[in-house]
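Each residue takes its place number in the sequence, starting with 1.
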Amino acid sequence: RLAEKKVNPLPYFKKHWKLLMVGSFAYLGSFYTFRVALQAVPVSIAVPVRMVAIIFAILLGVIFLNEKFRHSTLIGSIIIIAGIVLINLG
């Protein structure tokens, strides 16, 4: 919603700094586990799994955060799924 209104995000970040910190550490943990996974499995497996996480994030945002599911979101999801399928076929 902040991007749609073109407002200064700094007051929002000051008010919700705890949420920002939790999100930052969650992202850091996600990146770290992905790097570990790259050492354990082939890239052709690790990358599609990470892309599926984006689809789940979209679904969770729509279901729990009442985010809008736009045409561009649908097209992006279809492209991600098609990419995963192509990687697995190749």
Please determine whether residues [X] and [Y] belong to a single hydrophobic cluster, defined as Ile, Leu, Val, Met, Phe, Trp and Tyr linked transitively by side-chain heavy-atom distances below 4.5 Å.
{"X": "Ile55", "Y": "Ile75", "value": "no"}
{"X": "Ile58", "Y": "Ile78", "value": "yes"}
{"X": "Val52", "Y": "Ile54", "value": "yes"}
{"X": "Phe56", "Y": "Leu74", "value": "yes"}
{"X": "Val36", "Y": "Val43", "value": "no"}

Does Leu19 sit in a hydrophobic cluster with other residues, and if so which ones, taking ILVMFWY side chains as linked at heavy-atom separations under 4.5 Å, directly or through other members?
-> none

Pairwise side-chain contact, Leu28 with Tyr32, heavy-atom cut-off 4.5 Å (strictly under) = no

Please tell me if the side chains of Leu60 and Leu65 come closer than 4.5 Å, counting only heavy atoms from C-beta onward.
-> no

The reported gap from OG1 in Thr73 to CG in Leu59 (rounded to nearest 0.5 angstrom) is 10.5 Å

May I have all residue pairs that pass side-chain hydrogen bond (donor to acceptor under 3.5 Å, both in side chains) and include part of residues 14-24, sequence neighbours excluded?
-> none

Under the side-chain hydrogen bond (donor to acceptor under 3.5 Å, both in side chains) rule, what pairs show up with a residue in residues 33-43, not counting sequence neighbours?
-> none

Taking atom CZ of Phe31 as the centre, report whether more than 12 heavy atoms of other residues, nucleotides or ligands fall under 6.0 Å from it.
-> no

